[in-house]
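Below you'll find the structure, written out as C-alpha cells, and then a few comments.
Each chain gets a letter, A, B and so on, in the order its sequence line appears, and its residues count up from 1.
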Amino acid sequence: MSASSGYYIPHEARWPIVGSVGLFLFFMGFGSFLNDGSLGLPLLLIGAAIIVWMMFGWFSMVVRESEAGTYNGQVDVSFRMAMMWFIFSEVMFFGAFFGALFYARQFSGPWISGDGGGGAAMTNAVLWNGFDYIWPNNGPGKIGDGFAFNQGFTEMSWFGLPLINTLLLLTSGVTCTIAHHAIKDGNHEKMVRWLAATVGLGAVFVACQAYEYYHAYHALGLKLTTGIYGSTFFMLTGFHGFHVSMGAIMLFFVMLRGMKKHFTAENHFAFEAAAWYWHFVDVVWLGLFIFVYLV
Amino acid sequence: MSAYDTAHHDDHDHHGPAPGLTRWLYTTNHKDIGTLYLWFSLLMFFIGGAMALIIRAELFQPGIQIVDPMFFNSMTTMHAIVMIFGVVMPAFVGLANWMIPMMIGAPDMALPRLNNWSFWIMPFAFTIMLSTLFMDSGGPAGGWTLYPPLTLQMGDSFAFVIFAIHFMGISSVMGSINIVATIFNMRANGMTLMKMPLFVWTWLITAFLLIASIPVFAGAVTMLLTDRYFGTSFFSAAGGGDPVMFQHIFWFFGHPEVYILILPAFGVVSSIIPTFARKPLFGYDSMVYATASIAFLSFIVWAHHMFTTGMPLAGELFFMFSTMMISVPTGVKVFNWVATMWRGSMTFETPMLFAIGFVVMFTIGGLSGLMLAITPADIQYHDTYFVVAHFHYVLVPGAIFSLIAATYYWIPKWTGNMYDEKLGKIHFWTSTIFVNVLFFPMHFVGLAGMPRRIPDYSLQFADWNMIASIGAFGFGFAQIIFVWVVYKCVRGGEKATDEVWEGAVGLEWTVPSPAPYHTFEEPPPLAVINKNHF
C-alpha cells in the first residue's frame with residue numbers, strides 16, 4: 001500500500017502496438033473468414049502468429065527484467081492485483097454463459113411449453129402447440145436433429161467420462177499445490193516434477209474432452225447446433241476447455257522457468273499467477289459438472 | 001510548493017519524452033497516454049456528432065429527404081456506439097490517466113505498458129467498427145443494443161461489429177484493471193482511502209463496474225456471433241432459447257454501463273464545485289457511500305429497460321422498486337453539491353458554469369428517469385422520444401458537460417497556460433441554450449407518442465422536430481468554439497500559476513504548471529498530503 005523508497009517505472013515498449021496490430025489482423029481475418037472471404041484465413045493466421053510473437057516477446061522482456069532484479073515489492077503487488085482482477089473478469093465472462101443456461105432452463109423452456117402464467121399458455125397453444133418441456137431439449141423446432149427429422153439426441157451423462165474429468169482436475173489442483181509447497185521450500189526439482197504431473201493431468205483432461213466431443217457428435221447425435229442444449233453444452237465446456245489449455249500452457253512455461261531455476265522460495269509470482277488461474281478453471285469445472293452434467 | 005518534485009528529475013536516465021512519433025507509439029507515461037485518450041475522444045466526438053447531425057437533418061421535416069432509412073438506422077446505431085465507447089469512456093480514461101497518479105501522489109500508473117496497450121487498441125478497434133459503414137451490407141442498423149432477431153438479420157459486416165466490440169472490451173478491462181491496481185497500490189504514504197479526491201473514488205468504483213460488466217457483454221455478443229455463424233440457438237425460441245434472454249444478459253452489462261458513463265462525471269463535478277464555492281465538499285463520506293450504493297444497485301435494476309417484454313409481474317415490481325431506490329443515493333449527491341455551494345464565496349469561471357449546468361440539467365434527466373422507472377407509465381413511454389430526451393439529458397449536459405468542465409478546470413495544469421475565459425463563457429452559454437433547444441422538445445414529442453429510431457414521423461410532430469434540429473446544429477457548431485479554445489490554450493496564453501485556482505485543493509495543484517513529464521518520483525511528504533485534501 002505504501003510507496004517504498006524508489007519507484008520503478010518500466011521503460012518504453014514496442015510490444016503493445018505489435019499486439020494491437022496482431023489483434024487487428026486477427027479480428028479482420030476472422031470476420032472475413034466467417035463471410036467466406038478468400039483473404040480471411042491467411043489474415044487470421046498472420047494475426048494469430050503476431051499475437052503469439054508479441055506474447056513471447058513481452059513475457060520474455062518481463063522475465064528478463066524480473067531476473068535482473070529490476071522489480072520491487074510494489075511492482076509485485078501491482079502484478080498480483082492485475083492477475084486477481086483479470087481472473088475476476090473471466091469469472092464474469094463465464095457468468096454470462098451460466099446465466100444463459102439457467103435462464104433457458106428455468107424460464108424460457110417452461111414458458112414455451114405454456115407454464116408460468118401470463119400469456120405463456122396462449123403462446124404455447126398458438127405458436128408451439130404440443131411442445132412439452134423437459135431438459136435437455138432442443139426446442140419445439142427440434143433444431144439441429146440433422147440427418148433424420150424427429151430423431152432425438154442423447155444427453156450427456158455425468159457418470160463416466162465427466163466424472164473421470166472431475167477427478168483429473170481435482171487431482172491436478174492437489175499436484176499444483178504440492179508443487180507450490182516445493183518452491184516455497186526452494187526445491188526446484190520437486191516443483192518441476194509436480195508441475196509436470198499437473199500439466200500432464202491437464203493434457204489428459206483436454207484429450208478426454210476431445211474424445212467426449214467426438215463421441216457426442218458421432219454416437220449421441222449431440223452437436224453445437226442441437227438447439228439450446230447443444231448450444232449451452234458446447235459453449236460452456238468449449239470455453240472451459242480453451243481456458244484449461246491456456247492454463248496448462250501457462251503452467252508449462254512456469255515449469256520451463258523452474259528448470260532454469262528462475263524462482264526463489266520468496267519470489268515466484270509467475271508460478272502463483274498460473275496456479276491461481278489453474279484453480280479458477282478448476283472451480284469453473286465444478287460449476288459445469290454440477291449444472292451441465294449432474295442436474 | 002513544488003520544490004520536492006522537481007529536484008530529482010535530472011539524475012534520471014529518461015526524464016523527458018522521446019522525440020518523434022515513437023514517443024506516442026511506445027510511451028509508458030501516464031500523461032502522454034492521457035493526452036492520447038483525450039485527443040482520440042475529441043476526434044470521435046466530432047465523428048459521432050456528425051452522425052447526430054445527419055439524424056437531425058433527416059428529422060428536420062417529416063418525410064424522407066436526405067438519407068435512406070437503412071442508412072438512417074445505421075446512423076442512430078453508430079452514433080450511440082461511437083459516443084458511448086469512443087467518446088465518453090475513453091475521455092474519462094484519459095482524465096483518469098492524467099489526474100489519478102497526480103491526485104494520489106504516484107509517479108505513474110501501476111502498469112504503464114498495459115496502459116499503453118489499453119489506448120493503442122482503441123484506434124484499431126474503431127477502425128474495424130467504422131469500416132463496417134463502408135462495407136457492402138452497411139454498418140450495424142439494429143440499434144446499439146444489438147437485439148436479436150433483428151440484429152442477426154444484418155449483412156456480412158455483423159461479424160466485424162462483434163469483433164470490434166470484443167476488441168474495445170479488451171481495452172476497457174485492461175484499463176480498469178490498471179486503474180484499480182493504481183489506486184490500491186500506488187497511493188503515497190498517508191493518502192488514506194478517505195483522503196482521496198472524489199474523482200479517484202468514483203473512478204475506483206467505475207473500474208469495478210467495468211471489470212464486472214464488460215465480460216458479460218463480451219459473452220452476450222459471442223452468443224450473437226455463434227447464433228449467426230455457428231448455428232447455436234441461444235436467442236431462438238424454435239431451438240429452446242429466447243430472444244428476450246439476450247436483453248437480460250445485455251442489460252446486465254448495459255445498466256452498469258450507464259453508471260460507468262456518469263460516475264466519473266460525479267467525481268469531476270465534486271472536484272470543481274468546492275473550488276469555486278471556496279468551501280470543502282459537503283458530505284464527503286456520504287458522497288463515497290452514495291457512489292458505492294449506486295454501483296451496487298446498478299447490478300439489480302437491469303430489467304427496467306424491458307418492462308414491455310412481458311416479464312412476470314413480480315419481476316416488473318422488483319425492478320421498478322430497485323430502480324426507484326437509485327434516486328436516494330443520487331439525491332444525496334445532488335443535495336451535497338447544492339449544500340457545498342450554499343453560502344460559498346462563489347465565482348463563475350467556465351468550469352464552474354459547466355459544473356452548475358451539469359447539476360441542474362443532470363437532475364432534469366434524473367427526474368425523467370424516475371418517470372420511466374414507473375412500470376405502468378413506462379409502458380406508455382417505452383421506445384418514444386421521451387426516452388431519447390431522458391438519456392440525452394443525463395449524457396450530454398451530464399457526462400459531456402462534465403468532460404468539458406474537467407477540460408477547462410485542468411487544462412491550465414496540462415498546458416501551463418490559462419484558456420480564454422471569454423470564449424469559454426461564450427462556449428458555455430451557446431452550448432447550454434442549444435442543448436435545451438435540442439433535447440427539451442423531445443420530451444413533448446415523446447409523450448405525444450413519437451417513436452424513436454424512425455426516419456419519418458407523423459405531421460403533428462413537425463414543429464418541435466424542426467426546433468430540435470435547429471438546436472442540434474447550434475450545439476454542434478458551438479463545440480467548434482471548444483476546439484478553438486483548447487487549440488489556443490495549447491499554443492500559448494497567460495501563464496498559469498501552480499495553484500491555478502484560488503481555493504483549489506488537491507495534490508495536483510502542488511506541482512508546477514504545466515505538470516512536469518514525471519511527477520512524484522519521490523512521494524509527496526505527509527504534511528503536503530494532509531494539507532491538500534478535504
Report summary line: When every non-hydrogen atom of A/S108 is compared with those of B/G240, the smallest separation belongs to OG-O, 3.8 Å

Report task. Examine whether an atom of A/V18 lies under 4.5 Å from a heavy atom of chain B, and if so say whether it belongs to the side chain, the backbone or both; otherwise answer neither. Result -> neither

Report summary line: Here the pair of heavy atoms bringing B/T226 nearest to A/M235 is CG2-CE, 3.4 Å

Query raised in the report: Counting N and O atoms only, with roles assigned by atom type, does the side chain of A/S20 sit under 3.5 Å from a partner on the main chain of B/W120, one being a donor and the other an acceptor?
Result: yes

Query raised in the report: Can you check whether B/H248 reaches A/F107 side chain to side chain, under 4.5 Å on heavy atoms?
Result: no

Query raised in the report: So, do B/L111 and A/F79 sit near enough that their side-chain heavy atoms are less than 4.5 Å apart?
Result: yes

Query raised in the report: Quick one: what part of A/W15 sits under 4.5 Å from any heavy atom of chain B, side chain, backbone, both or neither?
Result: neither

Query raised in the report: Among A/Y133, A/F234, A/F93, which residue forms the greatest number of heavy-atom pairs with chain B at distances under 4.5 Å?
Result: A/F93

Query raised in the report: Taking C-beta and beyond as the side chain, do A/M92 and B/F253 meet within less than 4.5 Å on heavy atoms?
Result: no

Show me, pair by pair, the donor-acceptor contacts under 3.5 angstrom made by side chains of residues 34-52 of chain A, not counting sequence neighbours?
unit_1	atom_1	unit_2	atom_2	d
A/N35	OD1	B/Y229	OH	3.1
A/N35	ND2	A/G31	O	3.0
A/N35	ND2	B/D156	O	2.8

Query raised in the report: Is it the case that more than 12 heavy atoms not belonging to A/R14 sit under 6.0 Å from its CZ atom?
Result: no

Query raised in the report: Does atom CZ of A/F56 have more than 12 heavy-atom neighbours, drawn from other residues, nucleotides or ligands, at distances under 6.0 Å?
Result: no

**Report entry** Residue among A/F88, A/F30, A/F86 with most heavy-atom pairs under 4.5 Å to chain B
**Finding:** A/F30

Report task. With sequence neighbours left out, write down each residue that passes side chain to side chain contact (heavy atoms under 4.5 Å, CB included) with A/V21, or none if nothing qualifies. Result -> A/L25, B/F124

Query - Expected output: side-chain A/S231 to main-chain B/S233 donor-acceptor under 3.5 Å - result: yes

Query raised in the report: So do A/Y103 and B/I249 actually touch side chain to side chain, heavy atoms under 4.5 Å?
Result: no

Query raised in the report: Given a strict heavy-atom distance threshold of 4.5 Å, which part of A/M28 is in contact with chain B: side chain, backbone, both, or neither?
Result: both

Query raised in the report: So which of A/G109, A/G99, A/A104, A/A100 has the largest heavy-atom pair count under 4.5 angstrom toward chain B?
Result: A/A100

Query raised in the report: For A/M83, is it the side chain, the backbone, both, or neither that has a heavy atom closer than 4.5 Å to a heavy atom of chain B?
Result: neither

Query - side-chain contact (heavy atoms from CB on, under 4.5 Å) between A/I228 and B/F234, worked out - result: CA-CA 6 Å; A/I228 189 68; B/F234 287 107; 4.1 Å; yes

Report task. In sequence, state the C-alpha distance, the side-chain angles, and the governing distance for B/R113 and A/V62, and then conclude on side-chain contact (heavy atoms from CB on, under 4.5 Å). Result -> CA-CA 11 Å; B/R113 288 171 185 151; A/V62 172; 4.2 Å; yes

Report task. State, yes or no, whether a side-chain contact exists between A/W111 and B/P312 at a heavy-atom distance under 4.5 Å. Result -> yes

Report summary line: Turns out that what part of A/F94 lies under 4.5 Å from chain B's heavy atoms comes down to neither

Query raised in the report: chain B heavy atoms under 4.5 Å from A/I112: which part of the residue, side chain, backbone, both or neither?
Result: side chain

Report summary line: Whatever's closer than 4.5 Å to a heavy atom in chain B on A/S113 counts as neither

Query - Which atoms of B/I214 approach chain A - backbone, side chain, both or neither, heavy atom under 4.5 Å - result: neither

